[in-house]
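What follows is a set of notes on a single structure, which appears directly below.
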Amino acid sequence: MYTQALDQLPIEHSAQGDALRQQRFDQRMAAGRTVEPQDWMPEAYRKTLLRQISQHAHSEVVGMLPEGNWISRAPSLERKAILLAKVQDEGGHGLYLYAAAETLGSSREEMVDALLAGRAKYSSIFNYPTPTWADVGVIGWLVDGAAIMNQIPLCRCSYGPYARAMIRVCREESFHQRQGFDLLLAMMRGTEAQRRMVQGAVDRWWWPVLMMFGPSDTESAHSANSMAWGIKRISNDELRQRFVDAAVAQAEVLGVGLPDPELRWNAERGHYDFGAIDWDEFKRVISGDGPCNRERLAARRAAHEAGAWVREAAAEHSRKRASRPHAA
Ligand code: 3HC
């Protein structure tokens, strides 16, 4: 408590003051202590966090669409209830993350406007179609599995509100991943046609899932700073490798193949080697030209317009409450 209080002593605005603030920030980083909204932080650190957290929030919200599409067509009441709960969780993750991003000085309205105007990025993975029920299972197993691999280290992110939000998100994601695996296992124990459906979905999602981890470390524009600031703890390539290593064993349990002829165990490296990722496809998708980019944004815009009355009613309710005289 004593050192925290010292940290928060006001420093006068001057070149010397700036150097002192930077020094305290660096000491905080070196000591592995979290940065909180009231703490001074370098502008570039704030902007990087706002960029990443808002993109992450948008991903959760847009990520509701490919699966939400299947709620009314789930094959049983039980599967429907599970999927409904899962999609609601993703919406909740978006809200925690918008709230965390708001502590960095941008409003949720500004962030949502940027998404709807097509100025903000969200995860490439949600621009792929979900033509079969097996796609729902593969999203849970592989997409949520990749999300967990990437997000567990974010629970130790240097920015407190993001790290705390990620702890809850990861707990829920782990249920999502298991429900996907369980759904696929049920299908793999079913008919030949169901097994073919699962294999088809795995073949479609495998490479886009590997792209979720972002460009290779040598091409990643933000990694060096984000690692130095303790935002990212593990690099894009290392997380991708860890994911491949884990997924191979899980695919064996399911009894599905992974669509990569170059996938093989490398005893020297102690990891699986895998084939080349099509980075041109990745660039097309993140620049708005993937299979479903237009459809996803159109669906978000329609949902935003349809929800305008809810926002207006909530604002009016809160205005009325604020204008009421306080109870004695
Ligand atoms: N999709 C879209 N854009 C991507 C991307 C992806 N899979 N991977 C990288 N990019 C973008 C970056 O946003 C950056 O663009 P910008 O400069 O315009 O902001 C550019 O490509 C360069 O990439 P970098 O590696 O330099 O970027 P980062 O350091 O930000 O690393 C990241 C990218 C690993 C995705 C990192 O931002 C991250 O860990 N984000 C938090 C996790 C997240 O957002 N996950 C999204 C999936 S959420 C999800 O899956 C929901 C769940 O319910 C399933």
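Given the structure is predicted, the values throughout are model-derived calculations rather than measurements. When a ligand or atom number is given, it counts from 1 through the structure's own listing order. Computed from heavy atoms alone, side chains included, the values below leave out hydrogens, waters and symmetry copies.
For atom 47 (C) of ligand 1, the nearest non-hydrogen atom of the protein is S123 CB, 3.7 Å. With respect to atom 38 (C) of ligand 1, the closest heavy atom belonging to the protein is Q52 NE2, 3.5 Å. For atom 20 (C) of ligand 1, the closest non-hydrogen atom of the protein is H222 CD2, 4.6 Å. Protein heavy atom nearest atom 8 (N) of ligand 1, with residue, atom name and distance: G214 CA, 3.2 Å. Among all non-hydrogen protein atoms, the one lying nearest atom 13 (O) of ligand 1 is Q55 OE1, 2.7 Å. Looking from atom 39 (O) of ligand 1 to the surrounding protein, the closest heavy atom is N150 ND2, 3.0 Å.
A salt bridge links R164 with E36: at least one charged nitrogen is closer than 4.0 Å to a carboxylate oxygen. A salt bridge links D182 and R79; the closest N-O separation between the charged side-chain nitrogens and carboxylate oxygens is under 4.0 Å. One finds no salt bridge joining R242 and D245 here, because no Lys/Arg side-chain nitrogen approaches an Asp/Glu carboxylate oxygen to under 4.0 Å. A salt bridge between E90 and K86 is present, with a side-chain N of the basic residue lying under 4.0 Å from a carboxylate O of the acidic one. Of the charged side-chain nitrogens involved, at least one lies within less than 4.0 Å of a carboxylate oxygen, so that D237 and R240 count as a salt-bridged pair. Taking the charged nitrogens against the carboxylate oxygens, R269 and D273 do have a contact shorter than 4.0 Å, which makes a salt bridge.
For H93, the closest heavy-atom approach to ligand 1 does not fall below 4.0 Å. The closest approach between a heavy atom of P215 and any atom of ligand 1 is below 4.0 Å. Heavy atoms of L154 come nearer than 4.0 angstrom to ligand 1 in at least one pair. Using a 4.0 angstrom heavy-atom cutoff, E219 does not count as in contact with ligand 1.
Ligand 1 places these atoms under 4.0 Å from at least one heavy atom of E90: 52 (C), 53 (O). Near E60, meaning under 4.0 Å from any of its heavy atoms, are these atoms of ligand 1: 51 (C), 52 (C), 53 (O).
Taking the side chain as every heavy atom from C-beta outward, Y159 and L104 approach each other to under 4.5 Å. Counting heavy atoms from C-beta outward, D39 and R28 have side chains that approach closer than 4.5 Å. No side-chain heavy atom of Y122 sits less than 4.5 Å from a side-chain heavy atom of E60.
Here the shortest heavy-atom distance to atom 34 (C) of ligand 1, taken over Y122, F213, Y162, F126, belongs to F213. Which of M212, K232, E173, Q177 comes nearest to atom 52 (C) of ligand 1 through a heavy atom is settled by distance: it is E173. Checking S235, S220, S124, G91 against atom 7 (N) of ligand 1, the nearest heavy atom belongs to S124.
In terms of polar-atom proximity, defined here as any N/O pair under 3.5 Å, A221 does make such a contact with ligand 1.
Residue K121 touches ligand 1 through its side chain alone, judged by heavy-atom distances below 4.0 Å.
Annotation for Q22: atom CD counts as buried by contact number, over 12 foreign heavy atoms lying within 6.0 Å.
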